[in-house]
> 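Would you mind keeping the following structure in view while I ask a few things?
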Amino acid sequence: MATGTFAESGADLELVGITKRFPGFTAIENLDLYIPAGSFFALLGPSGCGKTTTLRLVAGLEDPTEGKILVGGKDVTNTKPYQRPVNTVFQSYALFPHMTVLENVAFGLHRRGIKDAVAKAHEALLLVELDHVSNRKPQQLSGGQQQRVALARAIVNRPALLLLDEPLGALDLKLRRQMQLELKAIQTEVGLTFLHVTHDQEEAMTMADTVAVMNKGHIEQMGAPQELYEMPRTAFVASFLGQSNLFTGEVSAGPADSLSLEIGGNRIVVPRSRAARHTGKVTLGVRPEKLTLHTEAPAHDATRNVLNGGTVKDVSSSGVSTQYIVSFPNVGDIVVFAQNMVFGPVVHEGASVSVSWNIERGFGLEDHPEEAGKFVPDDSTASIAVAQRKALFAELEGA
Amino acid sequence: MAFAAFASSAQAVDAAPRKSSKVALVLLAPGLAYLALFFLTPLIALILTSLQAPALYGDMGEFVYAFRWENYVSVVNEYGDTFLRSFGYALIATVAALLVSYPIAYFIGVWARKWPVVQAVALILVIAPFFISFLLRTLAWKQIFSDDSWTMETLKALSILGPDAHFTGTPFAVIFGLTYNFIPFMTLPIYTTLERLDTRYLEASGDLYARPSTTFFKVTLPLSMPGIVSGTLLTFIPASGDYINASGDFLGGPGTQMVGNAIQSNFLVILQYPAAAALSIMLMAVILVIVAIYVKRSGTEDLI
């Protein structure tokens, strides 16, 4: 890239047919992706889905097995990391321990021979409100401060494209919220293109303009966060991005503008416009917060789906809302989120209830129910440890 | 203290625990006794010897206790250039050993990380020379490069060397011997720091527009300084006092005498014990000063 000059604005990023194979497994399979200039794009997925590999490919730290990478329309596939107009905020921050905070931030500027490197580094530190620690060594800072130094070190170069590799992962909740807002503000202020890789769906949804949900080396669905949440196309997206109640069944005859499903003696309807497939065996879903809990069977209403004869299996409060798990014979367990409008739960375990929701709130998935296994979020510490171990082995093998 | 440089993770620790129990004293006692007996006693004896005066009408090698500081003056006058030569040879050998060892250490510690077997084999190869006596190895070099060896004959026949060329007895041979003998001492400490080098720093450097060469000088080299400092000290200190390589029986000759050889001949051949002791004390003092300045200047105290 040109030495001594800054990128005027963010550049777009285009991945064409990218495949990355490591000995023994394929991390990314024929990936096409376009990120417009100036956008805040989040790549969201569980660990091992290939999102970090994608980022490393863009940064030039890995070479794709096949495919092309274009930044601002220029093919950078065969260039070295130091030749790319791209900077990365690493998950581990990777701040040089032998340099002061200021030297760390000025490092990239010095390499490119930019004038007033020190002054510009101070400016960047002011932006992240850390100029007062510019003479300290990174290990003398807290995790959040190190994270902001790493951010300053990257954005001071005004890269056309900024890559963020789960930069907020090591921070506590409060600091993470604060940094999310700051990141978003900085992005708006400097107008760069941000590519943010994360496994935290809330982070992706609050920060990004566009979210791509990645699974097993390919993109499941891409779109605005709200759109993804309201209209997930696959069971994976429906369950990874928030929670969903899913019903699978054969489409039965009904009105022309809607799709109906017979589930355990209940009829579930969804508008055709909100369903991806209209024939055969389909999966319909609805978000838990869209459901209303009734203690008595509600009167018939054509605009609402109703499930009767449920038993409350579990009640747990998260402060803002209460989660009910309601068991229906022949249907299974349904999760309901209810706002805590009144003090305490409305019903208790063992109560018999009905559940209803507006048919306009449901959605129909594109997946063929047979091939798409239901994504079950497994949060037990043992399985996280096993996953970490597997990831480590994979990394060791891949390295 | 200079020896802090050997501890590669010389990170500032919080104030030492205040609990001074009797147990600690008991545990410390054997070590302190050992130091007092085997370090302090000979040192004091050496200092006393260095100030001795020849016995009046005594035999050769007979001295009495005195405070004859002139011993030091005469030693400086007589062996000043030997001192300079020693430190010169040691310095060149240290730099040469560093230039040879760093790539070896980098290969074992960084490149070979993916192949633990290669790493292990390479490490064994570095350590292997220790299985054979230092003297035998140095003698072997003398044989390989003696004037009538086939190596020298071949080199002369190929006109790579002139017809009257020598290897043994030259300063080059002595420096070569020193370098060769101390390479493992240089390689191992550098290897231990490079082995722990986090390659993510190198990735970050490349990401921040640094070419590979710049990354090496700005990131890799500074981060391996603790190993370099330990390695150079472990090479320079023994090399400047070495008397094997420079000895005429091995690779040296009359013109390559180092302080070690002067001490040896004063102690064992001409029986000038005070002169030999004065030389030893001076060697120790000069090395201590050089090392202190070096460690201070290299600024490795605050490196992790």
Side-chain angles (χ1 to χ4, degrees), chain A residues 1-4 23 55-56 58-62 79-100 103-114 117 121 136-140 149-150 153-157 159 161-163 165 395-399, chain B residues 5 8-14 107-120 190 193-230 295 297-304:
Chain A
M1 76 170 300
T3 308
L55 195 91
R56 291 175 61 82
V58 176
L61 302 171
E62 306 277 357
T79 57
K80 298 279 172 225
Y82 65 90
Q83 294 163 324
R84 297 190 185 190
V86 165
N87 285 111
T88 311
V89 180
F90 292 91
Q91 189 172 14
S92 62
Y93 311 146
L95 297 174
F96 304 124
H98 59 295
M99 296 181 195
T100 63
E103 286 166 339
N104 262 288
V105 176
F107 188 88
L109 298 173
H110 282 307
R111 300 289 80 74
R112 287 165 68 199
I114 283 170
R136 294 210 201 142
K137 291 280 171 72
Q139 58 270 37
Q140 291 169 286
V149 174
R153 186 175 72 170
I155 57 171
V156 72
N157 301 297
L161 180 63
L162 185 72
L163 308 175
D165 185 7
E395 192 180 312
L396 286 175
E397 258 173 39
Chain B
S8 52
S9 55
Q11 210 176 17
V13 187
D14 292 289
F107 170 77
I108 306 173
V110 182
W111 281 332
R113 277 183 197 178
K114 295 170 219 168
W115 307 287
V117 178
V118 174
Q119 222 173 4
I190 298 178
T193 50
L194 284 177
E195 198 254 335
R196 293 181 296 128
L197 177 76
D198 192 339
T199 47
R200 288 180 294 191
Y201 295 135
L202 311 186
E203 288 185 346
S205 174
D207 187 65
L208 291 163
Y209 315 107
R211 290 160 184 285
S213 58
T214 318
T215 298
F216 177 76
F217 286 109
K218 293 280 178 186
V219 181
T220 313
L221 200 61
L223 286 177
S224 52
M225 267 324 265
I228 295 177
V229 170
S230 314
V295 170
R297 286 291 302 270
S298 64
T300 45
E301 300 96 331
D302 55 12
L303 269 179
I304 27 166

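Hydrogens, waters and symmetry mates play no part in the numbers below; they use all other heavy atoms, side chains included. Protein chains get the first letters and strands the later ones, always in sequence-line order, with residue 1 at the start of each. Quick caveat: nothing in here was measured; it's all calculated off a predicted structure.
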> Please check if the number of heavy atoms outside B:Arg113 that lie under 6.0 Å from its CZ is greater than 12.
yes

> Contact part of B:Thr199 toward chain A, heavy-atom cut-off under 4.5 Å: side chain, backbone, both or neither?
neither

> Which heavy atom of B:Tyr201 sits nearest to which heavy atom of A:Pro97, and what is that distance?
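Answer, listing the atom of B:Tyr201 first, then A:Pro97: CZ-CD, 3.5 Å.
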
> I'd like to verify something: which residue of A:Thr88, A:Asn87, A:Leu163 has the highest number of heavy-atom pairs under 4.5 Å with chain B?
A:Asn87

> Nearest 0.5 Å, please: how far is CE in B:Met225 from NE2 in A:His98?
11.0 Å

> Looking only at non-hydrogen atoms, find the nearest pair between B:Pro212 and A:Tyr82 and report the distance.
CD-CE2, 3.4 Å

> For a 4.5 angstrom cut-off between non-hydrogen side-chain atoms, does B:Leu208 reach A:Phe96?
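Side chain of B:Leu208 against side chain of A:Phe96, heavy atoms only: contact under 4.5 Å found.
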
> Quick one: pull up NZ in B:Lys218 and CE in A:Met99 and give me the separation to the nearest 0.5 Å.
7.0 Å

> Nearest 0.5 Å please: distance from the CG atom of B:Asp207 over to the CZ atom of A:Arg111.
13.5 Å

> Minimum heavy-atom separation for B:Val219 and A:Phe107, please, with both atom names.
CG2-CZ, 4.2 Å

> Check whether A:Arg153 gets within reach of chain B through its side chain, its backbone, both or neither, counting any heavy atom under 4.5 Å.
both

